[in-house]
Amino acid sequence: MNYISTRDNSLVKKKYLSAEAIKLGLASDGGLFIPEEIPQISNEFITSLVPLSYPERAKKVLELFLTDYTDGELRECCERAYNETSFVGGCAPMKKITDSLYSLELWHGPTSAFKDMALQIMPKLLSKALVKTEETRTALILVATSGDTGKAALEGYKDAEGINIMVFYPNDGVSRVQKLQMASQTGDNVNVCAIYGNFDDAQNGVKAIFSDAEFAKQANEKGVILSSANSINWGRLVPQIVYYFSAYADLLANGEISVGEKVNFCVPTGNFGNIFAAYIAKMMGLPVGKLICASNANNVLTDFLTTGEYNRNRKFMSTISPSMDILISSNLERLLSFVCGTDKTRAYMSSLSKEGAYKIDAEDLAKINETFCGLWASEEETAETIKRIYEEYGYLIDTHTAVAVKSAIEYMSKENDGRITVAVSTASPYKFAADVYASLGEDKPSDDLDALDLLSEKTGAAIPYPLDGIASRAVRFTYSTHPENMPKEVLAYIDSFAK
Ligand SMILES: *Cc1c(COP(=O)(O)O)cnc(C)c1O
């Protein structure tokens, strides 16, 4: 199977193997990698997944896309990524809320949020990709984080072969729990550095290093190639297809549906990666009805799916579901290239970067609306949903999941759709404990470390292992620096491990 760029409109498109796509991250024309064709599966394929474990299911889906990896390589990656020590309580368990509403819990990994589903396996795929492409240099992953992605990347890349990782976070921009999580990170190939400044300072610093040819040359001389753990990398997207198959297989296993019956998924959306993976599953032949794209108050996607106009020229809102506070959903480009074709996609992306907006044709919107609809939840509705689902069903959800559950319920009642709808649950309620606690009608705790205990005392739900006892962990990284020193810090780190 070959990969092409979403922006390649030449007659004979440039083709890449999956290992190359994973190593490169972004195509040289600025586009994202997509498979040249979508593998098609049968009902027998779906039923064959039913008796399998999650890592076995993952291997069966991944081998359809990563055809240049050997059977043994994929098995090893899946088994090492999705094991019971990292994912306590299952990799992607389904919880029944009502007869027609389910929750797909994707947060049982080492950072209690769904980014682990991809970031636990992607570094293993990258390590193999480096060997397969005969790369002799060490890859150094640079990450600027506002908190959660940095920790998930550190957990994923720690001890990955042939790779080192360095994470920058803003001193003023992360919570106490997030700071402790990163400062206590284990692993011999990791480094963490705080920046005096905000997230933009950290991100601009990393971007400047990536675009500095002189820096790349210096790194290269030391046998180091810079790389990113960006969410638009195909290696982060492809593992996300797996859990839609796994959810369907679990519904079959429990006799909740029969083979071929369609199921809806409602996904709390930011960068459009998670929901796009569901769309690929549908294109492969998984019986999916509607994909409900759930947004918070940053509802650019709701407007796009209603009017066909994508317009980022609006106020950025800081919400209680911060991982969805995004005005440019990068992975939407992949959907556009499938539906509208490469020529239009290039024009739309150029208009987005110049004017911050574009509008797709009515017939393309109609095609998209056959599968996708967009709904959103305000801050009040999000909090109300947490309270209501806890009080009526005894089920505690986080602020992101609440956006999805609110949208799922709204969709089911508006459209009178009797199909089973699965709300995708992307974070443990403990990951956003202070806002979840406040949503239950209590005063919001000022310290998010206290919020963990308060929420546990109130609900009796267990604190997941990644957050339990965090205050007493050994702190390894206490270093802070000014943004202008970032290149110097990276070079010093390179000197500490370069051969
Ligand atoms: C990243 C994230 C999302 C958004 O997922 P996308 O793939 O960017 O759409 C939703 N919820 C949580 C908790 C996240 O961390």
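All ligand and atom numbering here is 1-based and tracks the order in the structure. Just so you know, residue 1 is the first one in the sequence shown, and it goes up from there.
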So, do Tyr3 and Tyr16 have ring centers that fall under 6.0 Å from each other?
no
Establish, yes or no, whether a centroid distance under 6.0 Å links the rings of Phe372 and Phe272.
yes
Under a 4.0 Å N-O cut-off, is there an ion pair linking [X] with [Y]?
X	Y	result
Arg176	Asp450	no
Glu384	Arg388	no
Glu63	Lys60	no

Can you list every protein residue that has a heavy atom under 4.0 Å from any atom of ligand 1, sorted by chain and residue number?
Phe114, Lys115, Pro268, Thr269, Gly270, Asn271, Phe272, Gly273, Asn274, Ser323, Met324, His400, Thr426, Ala427
What I want to check is whether the side chains of Asp435 and Thr399 have a donor and an acceptor closer together than 3.5 Å.
no
